[in-house]
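The model shown is predicted, which means the values in this text are computed figures rather than measured ones. Within every chain, numbering begins at 1; the chains are lettered A, B, ... in the order of the sequence lines, protein sequences first and strands thereafter.
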Amino acid sequence: MTHHIEPIDSPCVLRVQGYAKQFVLHEQSKIIPSSQHVELSVYQGQLTALIGPTGSGKSSVLKGIYRTYLPSDGRVLYRSKNGYEIDLAKADEHHILQLRNDEISFVTQFLHVLPRKPSEFLVAQPLIKRGTSMSEAIDKARDMLARLNLPEHLWCLSPTNFSGGEKQRVNLARSLVAKPRLLLLDEPTSSLDPTTTNVVVKELKKLKDYGVAMLAIFHDPALVEEMAEHIVELQIPQSIEQLQEKTQA
Amino acid sequence: MDKVLEVKNLSKVYGKGCADCFGLTGPQADTNICPSCGSVVAAHDVSFDLYKGEILGIMGESGSGKSTSVKCLFFDEEPTSGSAVFYDDGKQYNLFTLNAAQQRQLSSRRFGMVYQNPYLGLNFDISAGGNIAERLLMSSISHFGAIRERASSLLQRAEVPTARIDALPKTFSGGMQQRVQIAKALSTYPPLLFLDEVTTGLDLSVQAAILDLIMEIQQEIETAMIVVTHDLGVIRLLAGRTLVMKYGRVIESGLTDQVLEDPQHAYTQRLVASAL
Ligand SMILES: Nc1ncnc2c1ncn2[C@@H]1O[C@H](COP(=O)(O)OP(=O)(O)OP(=O)(O)O)[C@@H](O)[C@H]1O
Ligand SMILES: Nc1ncnc2c1ncn2[C@@H]1O[C@H](COP(=O)(O)OP(=O)(O)O)[C@@H](O)[C@H]1O
Ligand SMILES: [Mg+2]
Ligand SMILES: [Mg+2]
Ligand SMILES: [Zn+2]
């Protein structure tokens, strides 16, 4: 089910068609369906929100787009900066790595970063990888950390022992400074207080104005209301048994 | 993107080999020893490519053929079959058809190898600085002052105290020996570096310092690396793509986060689950 709150006037950056993901667990002889029949589009400068009950496969859709999960079915058509369209579900691994570096960024629920590195370096890293000089990248990183209200004395520490909300801000800052073409967000404000959440909302809106296409999962319906131009609702997938009964009936 | 290495169908059999060797070994057969002739099929049909600045991980349990594959590429072992093309400065080298002198030239100048066992990578009869000088002498640099200067700056880079430049490696801790080995391997700024279990057996804090060093180098000089390890934490940290080996075969390959979070093969699922 897709609701369009505003008319679509913006170029489409991502089209997901008939996406499904299931996990085949060999040891347990089990098949776990995780997302089914997913159809969605994401547009330049707009936000598409993924909603649905827990277990409906929202995170699995984002991971499938980023290729942390291998999609089981469907197409994930991405329109790149250079104008070509590519099916991320089937794209060559080197190509995916290059897109992750240059165009697609993912704010995951948990922070996976190099240990022992200062937060400001981790935030600067995506820029450094793209060729920005170290000092310029660090400046931009500090600026973003300041805007997200991360206390300055934490900038030079590794986030490994940070609180949930502090980690989340480092995680967000990494993607925000990178100004990707497509930004995937999995509950980016779930551990933040209302004040910081408002700051994040402001920064995300700025990115939207800049033209970033976003696909986001928010735990708070009010945020969906405030941020989303498009809403896509997922259903809890049917189990293999249910699907088999259906085909027999 | 520039390709650095292309390996196709690399195989290595220890023993005389027979027609059954490949059919009767591998993950399905649950062994790498040929039941007909007793040869060890250490690696079979290993194929992959590697791009400039990329880090490729090879994981798998002990004996799965990780080191054998890397040793063939560094000319420490002669492969039974297969091909490997190294792309360097607009030239292509078909590694396994080169003569011994050409191979030595590549391994001393354009490749670097860091072994799990520092005794394999270092000459224990000469000083840390001498080890680096020895490698530099085989390359194009021959001016003594320049060599000494490069050795000292590399050791400094690897956080080996400059004061120890003339000390023998046997007087160093394991972590320091590893760092001298890395400094030596890097002394020629090679475009291709092999790292075989370089942090295995070291303290966590020493491991950390070595991993930091590897990552900094990778960012600075864009060396392509093959990192062999059975430590999934090291793989997750370092490698963009990963191969999983079992009984000499590559049973799964993919983006590292995908291999670890959505492993496809039963064996990889077990390996990842047991590491959590
Ligand atoms: N790596 C995995 N291996 C096996 N099963 C998985 C994996 N990831 C997700 N699943 C399963 O897929 C289903 C969907 O999970 P997913 O995390 O996508 O849901 P979600 O909609 O994001 O839920 P929530 O709102 O709780 O975050 C669940 O049954 C989950 O257990
Ligand atoms: N020189 C050798 N002679 C005979 N068998 C060997 C030799 N080197 C390695 N092997 C065998 O080849 C297989 C793969 O070994 P190796 O490549 O060292 O595995 P890994 O590095 O994955 O632990 C093992 O069964 C090992 O015993
Ligand atoms: Mg989720
Ligand atoms: Mg080994
Ligand atoms: Zn045989």
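Distance check, rounded to the nearest 0.5 Å: CD of E27(A) to OH of Y267(B) gives 12.0 Å. Expressed to the nearest 0.5 Å, how far OH of Y69(A) lies from CD of E261(B) amounts to 6.0 Å. Atoms CG and NE2, from L50(B) and H94(A) in turn, are 7.0 Å apart once rounded to the nearest 0.5 Å. Here the straight-line distance linking atom CZ of F48(B) with atom CD of E93(A) works out to 13.0 Å at 0.5 Å rounding. Here the CZ-CD1 distance, from R241(B) to I96(A), works out to 12.5 Å after rounding to the nearest 0.5 Å.
Within 6.0 Å of the CD atom in Q28(A), the count of heavy atoms belonging to other residues, nucleotides or ligands exceeds 12. Within 6.0 Å of CZ in R75(A) there are 12 or fewer heavy atoms belonging to other residues, nucleotides or ligands. More than 12 heavy atoms of other shown residues, nucleotides or ligands fall within 6.0 angstrom of atom NZ in K117(A). The environment of F110(A) atom CZ is sparse: at most 12 non-hydrogen atoms of other residues, nucleotides or ligands sit within 6.0 angstrom. The neighbour count for K129(A) NZ, taken as heavy atoms of other residues, nucleotides or ligands under 6.0 Å away, does not exceed 12. Environment of CD in Q238(A): crowded, with over 12 heavy atoms of neighbouring residues, nucleotides or ligands closer than 6.0 Å.
Classification of R67(A) and D262(B) as a salt-bridged pair fails, no side-chain N sitting under 4.0 Å from a carboxylate O.
Interface residue Q264(B): backbone and side-chain heavy atoms are both found under 4.5 Å from chain A. In this structure, the portion of Q125(A) lying under 4.5 Å from any heavy atom of chain B is its side chain and not its backbone.
Chain A forms more heavy-atom pairs under 4.5 Å with one residue of V259(B), L211(B), L255(B) than with any other, namely L255(B).
Side-chain contact check for R270(B) versus H26(A): every heavy-atom pair is 4.5 Å or farther apart.
Under a 3.5 Å cut-off, the side chain of Q269(B) and the backbone N or O of V24(A) do form a donor-acceptor pair.
With T68(A) as the partner, the side chain to side chain contact (heavy atoms under 4.5 Å, CB included) test is satisfied by one option alone out of D257(B), L260(B), T256(B): D257(B).
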